[in-house]
Amino acid sequence: MTDQIQQAVSNHILTLTINRPKALNALNTAIMDRLQILFVDKEIDVTSLKGVIITGSGEKAFIAGADIKEFTGLDASIASTLSRKGHQIFRAIECFPIPVIAAINGFALGGGCELAMACHLRIASDTARFGLPEVSLGLIPGYAGTQRLPTLVGKGRALEMILSGKMIDARTALSFGLVNKVVPQDDLLVKATEWVMEISGNGPLAIQQAIQAIDAAYDQQIDGPEFEMEAFGHLTNTQDFKEGVTAFVEKRKPSFEGK
Ligand code: DAK
């Protein structure tokens, strides 16, 4: 069987392509298991990477949801266990120490939209469409869609999208704040790559701490301002900070080593 998640590294960027185009890249058990190994079990070695791009195979879909054909025979106990597993995987993506960008090349529905929302940043092709249609199946989002969507688009729009189950186009998603950028389909991966490269010109330890500090603002278990103050202090002890300041004074580009 061909890999249902293709992995390729170029320019120190790992691209993960969900590869089930005939099923519009729907998330089946094998794909979820693989994502778990990559992100939860930390198979991805971040030391040599600048970022991760997640995209879908083909031109039609990013991910058209969880694999509906695997739903038959689900009972409450199995469903809760699977939901917990999905939460854990998507949370690991959200907390990943290097930028993870969703390059959304088509339908991002249900679990696909939820995966995109777990990524740090979202760039969409102008053909992309977004929706959380779970209610049309008699369900609610099960991979934290009810939790992440309001943080991105606000409670009112989250209710509108989830209660209607309707799709929105890329421009609307941009105006809602669901995606950061919209680009022509043909440019999607080039633009996503350029974005990672641009970010990676900054201090890697600062990037890592910024991801965590922003996340702390939404985590009720963490004192966000306290986290920021500690992280800020910690970063002033790094070689990267000294290099950043020295490079500014010397009017040159900094060369960060992540130390
Ligand atoms: N699962 C399985 N197969 C799918 C699929 C999906 N989500 N989406 C599409 N496909 C398959 C179709 O069945 C079809 O396969 P064949 O019939 O050719 O074998 C093939 O992909 C092409 O799809 P269409 O022929 O339908 O293509 P169209 O252009 O006509 O329509 C579409 C495109 C995206 C509008 C349509 O395919 C569609 O409505 N797809 C379903 C979208 C959807 O409702 N997705 C599920 C959202 S709910 C859970 C946790 C999370 C979730 C559930 C449980 N637990 C923890 C238990 C999440 C749920 C969701 O994601």
Side-chain angles (χ1 to χ4, degrees), residues 1-6 16-37 39-40 54-94 102-119 122 124-153 157-170 172-173 178-179 185 188:
M1 203 204 315
T2 54
D3 283 346
Q4 297 194 355
I5 301 186
Q6 292 174 335
L16 300 175
T17 306
I18 310 297
N19 184 35
R20 296 183 72 209
K22 286 186 183 151
L24 303 189
N25 304 320
L27 295 174
N28 59 10
T29 305
I31 291 174
M32 292 301 280
D33 287 348
R34 189 76 193 115
L35 287 173
Q36 184 169 40
I37 290 167
F39 288 98
V40 181
I54 302 180
T55 193
S57 179
E59 296 211 329
K60 193 166 171 182
F62 173 65
I63 296 166
D67 189 328
I68 298 171
K69 292 167 189 168
E70 288 188 347
F71 287 3
T72 51
L74 272 189
D75 64 20
S77 150
I78 298 172
S80 298
T81 305
L82 291 176
S83 178
R84 216 167 283 284
K85 173 179 161 185
H87 271 249
Q88 187 193 29
I89 296 167
F90 287 13
R91 181 72 183 140
I93 293 172
E94 190 171 44
I104 303 153
N105 55 310
F107 290 112
L109 303 177
C113 189
E114 290 174 297
L115 174 54
M117 289 192 286
C119 295
R122 283 154 292 284
S125 75
D126 47 9
T127 58
R129 301 190 72 193
F130 300 80
L132 288 154
E134 283 85 348
V135 291
S136 71
L137 300 167
L139 279 175
I140 62 169
Y143 293 150
T146 62
Q147 306 302 296
R148 291 199 179 96
L149 188 61
T151 68
L152 290 169
V153 306
R157 282 174 172 153
L159 280 162
E160 180 185 338
M161 284 183 69
I162 291 175
L163 298 190
S164 74
K166 282 192 180 159
M167 291 187 217
I168 57 172
D169 63 18
T172 308
L178 180 53
V179 297
Q185 171 90 304
L188 182 66

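Below, all heavy atoms of this structure are taken into account, side chains as well, without hydrogens, waters or symmetry copies. Counting starts at 1 for both ligands and their atoms, following the listed order.
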- Item | Expected output: side-chain R122 to main-chain I104 donor-acceptor under 3.5 Å | no
- Item | Protein heavy atom at shortest distance from atom 41 (C) of ligand 1 | I68 CD1, 3.9 Å
- Task: Give the residue and atom name of whichever protein heavy atom lies nearest to atom 16 (P) of ligand 1, and the separation in Å to one decimal.
- Result: K69 NZ, 4.0 Å
- Item | Identity and distance of the protein heavy atom lying nearest atom 48 (S) of ligand 1 | E134 CG, 3.5 Å
- Query: A64 to ligand 1: N or O pair under 3.5 Å?
  - Reply: yes
- Heavy-atom side-chain contact between I140 and I162 under 4.5 Å: no
- Task: Please round to the nearest 0.5 Å and tell me the distance separating atom CZ of R20 and atom CG of D67.
- Result: 4.5 Å
- Note on the structure: Within 4.0 Å of some non-hydrogen atom of G110, the atoms of ligand 1 are 47 (C), 60 (C), 61 (O)
- Item | Shortest non-hydrogen separation from L132 to C113 and the atoms involved | CD2-CB, 4.2 Å
- Task: Indicate whether atom 36 (C) of ligand 1 is within a distance of less than 4.0 angstrom of some protein heavy atom.
- Result: no
- Query: Any idea which atoms of ligand 1 are less than 4.0 Å away from a heavy-atom of L74?
  - Reply: 57 (C)
- Could you list which atoms of ligand 1 come closer than 4.0 Å to a heavy atom of L137? 48 (S)
- Message: For the 3.5 Å polar cut-off, considering only N or O atoms, please tell me whether E114 and ligand 1 meet it.
- Response: no
- Message: If you scan the protein for heavy atoms around atom 26 (O) of ligand 1, do you find one that is closer than 4.0 Å?
- Response: no
- Item | Backbone N/O of P21 and side chain of S57: donor-acceptor pair under 3.5 Å | no
- Query: Quick one: nearest non-hydrogen protein atom to atom 47 (C) of ligand 1, plus distance?
  - Reply: P133 CG, 3.6 Å
- Nearest to atom 10 (N) of ligand 1, what protein heavy atom do you find, and at what distance? A23 O, 3.8 Å
- Query: How close does the nearest protein non-hydrogen atom get to atom 21 (O) of ligand 1, and which residue and atom is it?
  - Reply: K22 O, 3.3 Å
- Item | Per-atom contact, atom 31 (O) of ligand 1, protein heavy atoms, under 4.0 angstrom | no
- Is_contact(atom 39 (O) of ligand 1), protein non-hydrogen, under 4.0 Å: no
- Just by modelled atom types, is the N19 backbone N or O under 3.5 Å from a matching donor or acceptor in the Q6 side chain? no
- Based purely on interatomic distance, does K60 place a nitrogen or oxygen under 3.5 Å from a nitrogen or oxygen of ligand 1? yes
- Message: Determine whether a donor-acceptor pair (N or O, by modelled atom type, separation under 3.5 Å) exists between the side chain of N28 and the backbone of A66.
- Response: no
- Query: Going by the atom numbers of ligand 1, which of them fall below 4.0 Å from some non-hydrogen atom of G111?
  - Reply: 60 (C), 61 (O)
- Query: Does ligand 1 have an atom under 4.0 Å from some heavy atom of R129?
  - Reply: no
- Query: So E94 and R91, salt bridge (charged side-chain N to carboxylate O under 4.0 Å, His left out) or not? Walk me through it.
  - Reply: CA-CA 5 Å; E94 190 171 44; R91 181 72 183 140; 2.7 Å; yes
- Message: Determine whether any protein heavy atom is located less than 4.0 Å from atom 45 (N) of ligand 1.
- Response: yes
- Side chain, backbone, both or neither: which part of A26 comes within less than 4.0 Å of ligand 1 when only heavy atoms are counted? side chain
- Query: In the protein, which heavy atom is nearest to atom 58 (C) of ligand 1, and how far is it?
  - Reply: A66 CB, 3.5 Å
- Kindly state if atom 18 (O) of ligand 1 has a protein heavy atom within a strict 4.0 Å cut-off, that is, under 4.0 Å? no
- Task: Taking all non-hydrogen atoms of both residues into account, name the closest pair between T72 and K69 and its distance.
- Result: OG1-O, 3.9 Å
- Note on the structure: One finds that the ligand 1 atoms under 4.0 Å from a non-hydrogen atom of S83 are 56 (C)
- Message: For I5, run the side chain to side chain contact (heavy atoms under 4.5 Å, CB included) check against T17, I37, L35, D33 and tell me which one passes.
- Response: L35
- Can any side-chain N or O of E114 pair as donor or acceptor with the backbone N or O of G145 at less than 3.5 Å? yes
- Task: Return yes or no for this condition: an N or O of F71 is under 3.5 Å from an N or O of ligand 1.
- Result: no
- Message: Check whether T81 reaches the backbone of S77 with its side chain - one donor and one acceptor, N or O, closer than 3.5 Å.
- Response: yes
- Looking at atom 13 (O) of ligand 1, would you say a protein heavy atom lies below 4.0 Å from it? yes
- Would a distance-only check, ignoring hydrogens and angles, find a side-chain to backbone donor-acceptor pair under 3.5 Å from S125 to L188? no
- Is there a donor-acceptor pair closer than 3.5 Å between any side-chain N or O of T151 and the backbone N or O of R148? yes
- Message: Does either side chain, that of T29 or that of E70, offer a donor lying less than 3.5 Å from an acceptor on the other one?
- Response: yes
- Item | Minimum-distance protein heavy atom relative to atom 9 (C) of ligand 1 | L24 CD1, 3.8 Å
- Query: How about atom 54 (C) of ligand 1: does it have a protein heavy atom within less than 4.0 Å?
  - Reply: yes
- Say whether, by atom type as modelled, one donor and one acceptor occur between the side chain of N25 and the main chain of F62 under 3.5 angstrom. yes
- Would you indicate which of L109, D67, N28 comes nearest to atom 2 (C) of ligand 1 when only heavy atoms are counted? D67
- Below 4.0 angstrom from a heavy atom of L82, which ligand 1 atoms are there? Numbered from 1 as shown, please. 56 (C)
- Note on the structure: Closest heavy-atom pair, L109 versus R129, reported as atoms and distance to 0.1 Å, is CD2-O, 4.3 Å
